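Below is one structure, written out as structure tokens; comments come after it.
Source: prediction; values computed, not measured. For ligands, and for the atoms within them, numbers begin at 1 and follow the listed sequence.
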Amino acid sequence: MERAWVWVVGVVVLLAAAAQAKPPNIIVFLADDLGIGDVGCYGNTTINTPNIDKLAAEGVKLTHHLAAAPFCTPSRAAMLTGRYAARYGLVGQEHRMPVILHLASLASLPVHEVTLASALQAANYTTSIIGKWHLGMHCGWLGRSCPGPLSHGFESFFGIPVTLFQEFRGSHPFWKFPLDETKFQGLLMTWVVTMLSLLVAVKKKTVRMSLVVAGALLTNLLLALVWFVFAHYSKNSECVSPWLHQRLNSMVMRDDKVVEAPMELDGFSQRLAQESRQFIASHANDDRPFFLFHSFAHVHTPMFSAPQRAGVSKHGRYGDNVEELDESMGVVLQALKEYGLEDNTLIYFTSDQGGHLEAVDSDGQRIGGHNGRFKGGKAQGGSEGAIRVPGIFKWPGHLPKGVTLDTPTSLMDLLPTVLSLAGLPSLSKIVPEAAQTELDGEDISELLVTGKGRKGPRFFIHHCSQAINALRLVTGSHVYKMYLAKHKWHPGSTQCGWGYNTACKCYGEFVDDMSHQPELWDLNTDPYEDGKPIDPHTVEYKEAVGKMQEYLKQWRGRVVYPPSQLSTVSKIMWRPWLQPY
Ligand SMILES: *[C@@H]1O[C@H](CO)[C@@H](O)[C@H](O)[C@H]1NC(C)=O
Ligand SMILES: *[C@@H]1O[C@H](CO)[C@@H](O)[C@H](O)[C@H]1NC(C)=O
């Protein structure tokens, strides 16, 4: 009898040890362009985000959580790698787009960069991304395969390869011949003159008939080509007409293949949620833990909702999209609960950057987010509204419940923090190739668990593409922010105009250059920068700015940025021979 008890206890202990040994599942929810002021638990009283609010109530809510860039591509890259995107050139440069534009183009997250997914894959996790990628597709010849996320540690992918564009909505004309434009007038004249000359040649019998026919065919072909370029090459930021854009980039992919083109927008949020549910269902009983990256297509423009979700919120189409995002998150979390995985799953929720203040729909309705009292929004370099985003961690039994922390943290902290919380070896142990890789993110697991962070100062760099627009220095009692360049806003606002294609630029005539006498704020005493910056004649200014300038000098001496990929036309342009068909 006694021996049986010993045996039972032994088995129980072993089982407990085994349960302990399996690292937690990990789910990362990433919203697109969601502002910190768009979420209930961050102070919005009129929007309905019960699932995000519940996550915060059951986990740790970060109120000073910072995106590493004010645009999708570099911010997402930085989150997944724990490193500023400028370190591997996945940033723009003045006067070029700051993000990847075409599926069939060369710009991409370099394959040798280690991502959270590749680290977890090396640690025996099953990995999947469901939703938006936007970090380059690495397409092969004739687009036979576009592995994209599969080259970065994800075993499976379902979602959109680039991003949503306003052009994906509606239908756009293919035929156009606007005769008020000189280039089309020229084209018409050329055609008429060539055809007339050919006719004359036929009448006078100066050349053989077969030559005339060949000439006519050739001219028409050439002119048709010229017409296509005139009609569908465009000087807009994407370089292609809306019609062509929709053909080239509006698609849904599964793994490395296109499964739907053009994509069906309405109901897409629910389809992503169902995919994630299915993923959870099929890996619930695996021996291996899973990593699911649920990367929402919402709340980027264009706005779309399933019919039953349209008109539900108090805030128009934008509010509907926020609430639909929240609902989708609820569906995925419900699956975790159903399969009994809640306690052994670490969840993280954030947004890749602040709300897009300028966005309005074709009918004038506002379709961009709200950044609370923080100034500025998406695309504005170091403006607080561009980079201050929601951030929530939850892991029952391991992280405290309902705690709010105002220590500054970064999306780049995700990778080292997840490895540490999950009890995995350090990055250089899991991925030996990463031994020389310097991370910009930090392990904040101790902060999350105990509420107490590191002792020494911490610096954050706020890039505008390759340039540095601001710096942040966190000391024991201050959070200093130093602007080297600051936006010129429209009077009475913190934005740069209106229109669905309007986004602020963060260089040249769009900003005030302050590098000679930087503006300094203490966000601990003036979090919304409502008052006046710190007087440059004070000791405090000299000390804080001195420290940050010194840091910057060392940084620039130590870290060499490679050429910007997104400023090279050859890398961002559409490459017909890489397009999947
Ligand atoms: C809540 O969010 C909506 C949508 O962005 C916004 O229009 C509204 O002003 C916000 N309300 C509050 C109280 O912050
Ligand atoms: C992954 O699994 C392999 C074989 O099952 C094992 O040798 C290796 O140690 C595991 N790696 C980690 C990080 O657990």
Side-chain angles (χ1 to χ4, degrees), residues 29-57 61-65 67 70-72 75 164 166 169 269 296-306 309-330 349-380 383-392 404 406 489-490 492-504 523 527-530:
F29 290 103
L30 179 63
D32 198 353
D33 292 4
L34 181 74
I36 192 166
D38 289 329
V39 184
C41 60
Y42 282 89
N44 194 318
T45 48
T46 48
I47 202 112
N48 214 358
T49 53
N51 294 296
I52 303 174
D53 302 350
K54 184 158 176 272
L55 197 70
K61 179 174 85 170
L62 302 168
T63 59
H64 201 132
H65 201 45
F71 300 105
C72 300
S75 172
L164 294 175
Q166 190 74 7
R169 170 116 271 167
S269 193
F296 296 100
H298 277 329
V299 290
H300 196 284
T301 55
M303 298 292 110
F304 61 86
S305 317
R309 298 292 317 173
V312 170
S313 81
K314 293 198 180 87
H315 300 289
R317 286 196 277 281
Y318 182 79
D320 291 349
N321 276 238
V322 174
E323 295 189 2
E324 195 175 54
L325 176 148
D326 181 85
E327 183 193 56
S328 292
M329 188 160 127
F349 168 76
T350 193
S351 172
D352 61 355
Q353 66 230 345
H356 185 180
L357 299 181
E358 292 80 12
V360 291
D361 222 336
S362 44
D363 62 357
Q365 185 176 130
R366 250 204 104 219
I367 48 170
H370 181 69
N371 302 317
R373 288 174 64 188
F374 297 110
K375 304 216 164 27
K378 173 177 176 177
Q380 290 187 21
S383 290
E384 207 62 10
I387 48 180
R388 184 81 75 103
V389 290
I392 302 170
T404 299
D406 59 5
W489 290 313
H490 271 225
S493 78
T494 63
Q495 63 193 72
C496 321
W498 284 102
Y500 66 74
N501 267 336
T502 310
C504 295
L523 301 183
Y528 307 114
E529 299 162 65
D530 286 330

Quiz prompt | Residue pair Asn371 / Val389, side-chain heavy-atom distance below 4.5 Å | solution = no
Self-check item: Donor-acceptor contact below 3.5 Å, side chain Thr350 vs main chain Leu30
Solution: no
Quiz item: For ligand 1, what is the set of protein residues having any non-hydrogen atom at a distance below 4.0 Å?
Solution: Gly37, Asp38, Asn44, Thr45, Thr46, His315, Tyr318, His370
Exercise. Consider only side-chain N and O atoms of His298 and Asn321, and report whether a donor and an acceptor are under 3.5 Å apart.
Key: yes
Quiz item: So do the side chains of Tyr318 and His370 get within less than 4.5 Å of each other, counting heavy atoms only?
Solution: no
Exercise. Could you tell me which residues satisfy side chain to side chain contact (heavy atoms under 4.5 Å, CB included) with Thr63, sequence neighbours excluded, listed by chain and number?
Key: Tyr42, Lys61, Thr404, Asp406
Quiz item: Passes salt bridge (Lys or Arg N to Asp or Glu O under 4.0 Å), Asp361 versus Arg169? Steps please.
Solution: CA-CA 11 Å; Asp361 222 336; Arg169 170 116 271 167; over 6 Å; no
